Amino acid sequence: MIDGSRRTFLSGCAAALLGAAALPGRALAQPAMPVPQVPHRHHHVRVDAGSPEHARVALTFDDGPHPRLTPRLLDILRARRVRATFYLIGNRVRAYPLLARRIVEEGHEIGNHTWEHPVLSRQGADRVLREVDRCARIVYETVGHVPVTMRPPYGMITARQAEMVFAERNMPTVMWSVDPEDWRGPGAAAVTRRILRAARPGAIILSHEIHAGTIAAMPATIDGLLAQGLRLVPISTMLGWEPWGPRPSPLRLAAAGT
Ligand SMILES: [Zn+2]
């Protein structure tokens, strides 16, 4: 499912970034989904933060959709007219398709958080690509867009795997620069305080929409970020792209795969 220009792009990338030896000798899984097609080369193999030259930050929410908390979070975002990025787990998109659609309808971006949330650094290249592809496919089938960035579960991915995902699927691995450790349950006030203390232009803020304390923290957090003069933008905007990444060439749905 790779056309000629894409091949050229890949081989150029491989030569520039990896060297021939870094590419696995065996054939990797072909994408079961269209991958983002980029008309120009970009170099976002791994992203921890955006440019500090713009007064904007990206709020990112991992591990949803969640049947009870995602609607509350969306209400909070809508009331403040801000946009975020949701790194959704594929099998939860399958379980809660209406929530995935609402996320997109309200102007937010969906990123790829794999199909079932494994520790990628313990997996081989084929499994990594299968996880990414299966998530991409369900998101595409559900909302009509292909995620253009991925975030590894637990932040666990090797440098070589991130390069492989970039070369094979043209997807940056998006990490974060601000981590309130909300998954430890520190309470809403602590989540807000930690985020506001660390936020600065270009920050990518990690949090999880599956914890009630995180959702409870968001009104004060967002109001505080806005009061600091920061604009909240999706990851694509942070990377200088159009919404949902560089405009892809016409999407082509591959033969049914995984
Ligand atoms: Zn996660």
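Keep in mind it's a predicted model, so treat the numbers as computed, not measured. When a ligand or atom number is given, it counts from 1 through the structure's own listing order. All residue numbers in this chain count up from 1 along the given sequence.
- For the Zn ion (ligand 1), the set of protein N/O/S atoms nearer than 2.8 Å consists of D63 OD1, H113 NE2, H117 NE2, ordered by chain and number.
- When atom types are taken as modelled, the side chain of R101 and the backbone of V143 share no donor-acceptor pair closer than 3.5 angstrom.
- Scanning for ring-ring contact (aromatic ring centres under 6.0 Å, His included) contacts around H108 gives F86, with sequence neighbours left out.
- Classification of D133 and R169 as a salt-bridged pair holds, one side-chain N sitting under 4.0 Å from a carboxylate O.
- Between E168 and R130, no side-chain nitrogen of the basic residue sits less than 4.0 Å from a carboxylate oxygen of the acidic one, so the salt-bridge criterion is not met.
- Heavy atoms of other residues, nucleotides or ligands lying less than 6.0 angstrom from CZ of R80 number more than 12.
- Inspection of the T192 and T221 side chains reveals an N or O donor paired with an N or O acceptor under 3.5 Å.
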